[in-house]
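One structure is given here, and the rest of the page talks about it.
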Amino acid sequence: MQNTDVPDHDPGPLARRFPSDFQWGFAASAYQIEGAVAEDGRGPSIWDTFSHTPGKTVNGDTGDVACDHYHRYPDDVRLMAELGADAYRFSVAWPRVMPKGSGSPNQRGLDFYRRLVDELRAAGVEPTLNLFHWDLPQALQDRGGFANPDIVGWFADFADVVARALGDAVTDWMTFNEPAVYAFLGHADGIHAPGLRHWPTAMRVADNELRAHAAAAQAIRAAVPGVRIGVAVDINHFAPASDSESDRRATDGYRATRDTWFLDPLFGRGYPELGVSLHAAAGHLEGVELERPPAGDLDYVGVNYYRQETVQALTDEPFDWLIEPRPGVELTEMEWEVVPEGLLASLTQVQRDYQPAAVIVSENGAAYDDQAGPDGEVLDDDRQGYLERHISAAADAIEAGVPLRGYFVWSLLDNFEWSLGYSKRFGVIRVDYETQQRTPKKSARWYQQLISG
Ligand code: FCB
């Protein structure tokens, strides 16, 4: 590490609020960092197609090279180890392992992840392996993607292949990252791959994600005994814009059609009644038959938390609500409201409503307009402050009885932020995209001290 000076805020007292076996980690995902999209037999994913379609991403950015992690993973693992990480949450690119999505696996793709997990373990960093962080093989999208019920079998086969190849070295598994974002932003709002705008399709996708999760969890357990299986769900803090009856109703509706839409079925309760009636009233269920999806059989829930979403009812019609930051409130570069106590609220709410066996914060972090010095140095006090306040809220959650076992900062590296391309930097390690040089930011040094504290 180039820089060893002590950050302004001593993280010692904060560190002491966590148990000694707490897992401190970093998170990233395949398409956002790997690059090497045509190497060693990898097939195209829907994000290759989408990002190469003019007008879909800021500056036409793509993941073709990204952080070149596919080649530089030993450096990245070394950096994590130097920062003291206990764990690393990454995703496996389905199109590397099965270039056409189904059929025989591509050994060279599996070999990459074998090298990665071996390198991690040799460095004392536990892998948390996530199977799906949105980069569906394009060949499967051509067959209907997640809207096709056959996806349940395709996904279970993929899970089985990865579990057999890596199960001896990986205890912590995740099936999905943010199923709501994948279904709704990709198939109803059209701002993520595959870029569709059709609610009934989005609802089928959501339903098949829940079924695919259950089938994959079964496949993993059958292949590897003693694993822990979770899902990463985005649970931001929803708050009504005012005390008015209509804003409060809109907030409840937003939650029931989005977060609870996944959480209730995952915990074996089927779809929430309020969510069903609102989706139906809005025409989202036209031609969609909903049956109760199988329960998730979860060993833990991963909570991805970033912000407060303030909900304002424009009319009393379902989905006629506006999600906009409150005026004057502190924002990140994403224009996301900074509300650390919302993390405490989200964690205690999950605990109260579902009593999961364990919880982790599977993503938390912030984009800021980093200014790099000549040597790549970034004094990101804003990000450091964001992390400090949110980690303190995570400590509050433990003290309130939430079985929180780990915290993963998003993200290890600056990376490809989906349709926003490289314009938003979430890393605690700066990436100079011209040279691929990595430089830990001040926030990374603070996090290192927290971990060692
Ligand atoms: C989450 C995604 C992750 C990253 C962060 C900023 O929704 O899971 O890939 O884009 O937001």
Side-chain angles (χ1 to χ4, degrees), residues 25-35 45-48 50-51 56-58 61-63 66-67 69 88-94 128-136 174-189 191-193 206 209 213 230-238 258-259 262 301-309 323 331-339 342-343 346 360-370 380 382-383 386-387 390 407-429 431 443:
F26 295 93
S29 90
Y31 190 73
Q32 295 180 275
I33 63 170
E34 286 180 0
S45 78
I46 57 172
W47 269 97
D48 295 280
F50 188 79
S51 65
K56 297 297 187 192
T57 65
V58 169
D61 287 344
T62 73
C67 307
H69 172 77
Y88 173 48
R89 173 180 173 239
F90 66 98
S91 76
V92 169
W94 188 346
T128 290
L129 186 156
N130 175 33
L131 286 170
F132 189 69
H133 206 121
W134 310 346
D135 46 356
L136 185 74
M174 294 192 138
T175 53
F176 281 87
N177 179 69
E178 301 188 351
V181 171
Y182 182 72
F184 300 151
L185 269 62
H187 304 79
D189 304 336
I191 60 170
H192 277 191
E209 285 182 295
H213 158 79
V231 183
V233 206
D234 48 311
I235 310 182
N236 287 308
H237 182 239
F238 296 166
R258 203 177 183 293
D259 291 12
F262 292 88
V301 176
V303 173
N304 290 3
Y305 178 86
Y306 288 94
R307 62 187 183 273
Q308 170 163 314
E309 298 191 49
I323 318 284
L331 301 175
T332 69
E333 189 65 12
M334 296 287 281
E335 304 200 348
W336 289 351
E337 290 191 39
V338 178
V339 179
L343 174 59
S346 291
I360 63 168
V361 174
S362 36
E363 287 182 26
N364 176 240
Y368 287 104
D369 183 19
D370 294 336
D380 56 341
D382 34 22
R383 184 174 292 101
Y386 178 100
L387 295 179
H390 285 78
Y407 173 95
F408 291 73
V409 65
W410 185 274
S411 185
L412 174 67
L413 304 170
D414 290 335
N415 63 41
F416 176 79
E417 179 49 31
W418 308 113
S419 52
L420 299 172
Y422 299 98
S423 68
K424 296 288 181 271
R425 292 177 178 271
F426 273 93
V428 292
I429 296 177
V431 176
S443 57

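Both ligands and their constituent atoms are indexed starting at 1 by order of listing.
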Sequence neighbours excluded, which residues qualify as side-chain contact (heavy atoms from CB on, under 4.5 Å) partners of [X]?
{"X": "Ser346", "value": "Ile235, His237, Tyr305"}
{"X": "Ala30", "value": "Glu34, Ser91, Ala93, Tyr113, Asp135"}
{"X": "Asp382", "value": "Tyr368, Asp380"}

Between Tyr88 and Phe26, ring centroids under 6.0 Å: no
Any side-chain donor near an acceptor of the partner, Tyr306 and Thr332, under 3.5 Å: no
Ligand-protein N/O pairs under 3.5 Å (ligand 1):
| unit_1 | atom_1 | unit_2 | atom_2 | d |
| --- | --- | --- | --- | --- |
| ligand 1 | 7 (O) | Glu178 | OE1 | 2.6 |
| ligand 1 | 7 (O) | Glu178 | OE2 | 3.0 |
| ligand 1 | 8 (O) | His133 | NE2 | 3.3 |
| ligand 1 | 8 (O) | Asn177 | ND2 | 2.8 |
| ligand 1 | 8 (O) | Glu363 | OE1 | 3.1 |
| ligand 1 | 8 (O) | Glu363 | OE2 | 3.0 |
| ligand 1 | 9 (O) | Gln32 | OE1 | 2.8 |
| ligand 1 | 9 (O) | His133 | NE2 | 2.8 |
| ligand 1 | 9 (O) | Trp418 | NE1 | 3.0 |
| ligand 1 | 10 (O) | Glu417 | OE1 | 2.8 |
| ligand 1 | 10 (O) | Glu417 | OE2 | 3.1 |
| ligand 1 | 10 (O) | Trp418 | NE1 | 2.9 |

Sidechain-backbone polar pair: Arg89 side chain, Ser362 backbone, donor-acceptor under 3.5 Å: yes
